[in-house]
Amino acid sequence: MIYKILADGVLLAHFCFVLFAVFGGLLALRWRKILFFHFPAVVWAFFVQWFQWICPLTYLEIYFRNLGGDAGYEGGFIEHYITLILYIDIGHWFHIALALLVLAVNLFVYWYVFSHWRRFK
């Protein structure tokens with residue numbers, strides 16, 4: 001039972017990280033110092049999507065699920081959870097599109113924050 005709870009906790013943390021990587025730059029509109037945490041998250045999310053790496057949090061979740069008696073799953077977080085909800089199949093080019101979307105959204109937010117730097121002091 002404890003391993004299933006740990007696996008669900010890792011899943012929740014992973015989901016929050018994905019949300020932070022995609023939308024966390026918006027927090028910089030209020031708190032500029034968040035950029036020091038957000039920028040590495042965006043870089044990591046970009047490379048994970050671009051090169052189709054599997055995030056270590058996925059392995060940790062699967063490890064806990066296996067200890068808890070579940071079979072775990074193949075592939076990464078996006079393929080397993082997001083694909084099941086939204087998409088039939090996710091290919092290489094969709095990974096590239098996700099990587100570019102994360103990058104574009106956050107570059108726009110960073111541009112806005114830095115172009116209005118005096119206003120945020």
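Only a predicted model underlies this, so the values are computations on that prediction, with no experimental measurement involved. All values below were derived from every heavy atom in this structure, side-chain atoms included, with hydrogens, water molecules and symmetry-related copies excluded.
Atom-to-atom distance recorded for Ile2:CD1 and Leu67:CG is 11.5 Å, nearest 0.5 angstrom. Here Leu57 contributes atom CG and Phe17 contributes atom CZ; the two are 8.0 Å apart, rounded to the nearest 0.5 Å. Annotation: the span from Ile34 atom CD1 to Leu26 atom CG amounts to 11.5 Å, rounded to 0.5 Å. Interatomic distance, Leu60 CG to Cys55 SG, rounded to the nearest 0.5 Å: 9.5 Å.
Phe108 pairs by the ring pair (Phe, Tyr, Trp, His ring centres under 6.0 Å) definition with Trp111, not counting sequence neighbours. Every residue was checked against the ring pair (Phe, Tyr, Trp, His ring centres under 6.0 Å) condition with Tyr59, not counting sequence neighbours, and none meets it.
Applying the salt bridge (charged side-chain N to carboxylate O under 4.0 Å, His left out) test to residues at least two apart or on different chains, none of the pairs has a partner in residues 34-56. Pairs passing the side chain to side chain donor-acceptor pair (under 3.5 Å) check and including a residue from residues 18-28, sequence neighbours excluded, do not occur. The salt bridge (charged side-chain N to carboxylate O under 4.0 Å, His left out) analysis of residues 8-20, with sequence neighbours excluded, yields the pairs Asp8-Arg65.
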Please test Phe23 against Val109 for side-chain contact (heavy atoms from CB on, under 4.5 Å), starting from the C-alpha separation and ending with a verdict. CA-CA 9 Å; Phe23 301 110; Val109 171; over 6 Å; no

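Under the 4.5 Å side-chain heavy-atom criterion for ILVMFWY residues, no single connected hydrophobic cluster contains both Leu101 and Ile96. Follow the hydrophobic side-chain contacts under 4.5 Å out from Leu100 and you never reach Val105; the two are in separate clusters. Note: the hydrophobic cluster containing Val102 also contains Trp53 (ILVMFWY, side chain heavy atoms under 4.5 Å, direct or indirect links). Note on Phe47: it clusters hydrophobically with Leu107, by side-chain heavy-atom contacts below 4.5 Å among ILVMFWY residues. Follow the hydrophobic side-chain contacts under 4.5 Å out from Leu19 and you never reach Leu12; the two are in separate clusters.
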Without placing hydrogens or testing angles, list every side-chain donor-acceptor pair under 3.5 Å for residues 35-46, not counting sequence neighbours.
unit_1 : atom_1 : unit_2 : atom_2 : d
His38  : ND1    : Tyr110 : OH     : 2.6
His38  : NE2    : Phe20  : O      : 3.1
His38  : NE2    : Ala21  : O      : 3.2
His38  : NE2    : Gly25  : N      : 3.1
His38  : NE2    : Asn106 : OD1    : 3.3

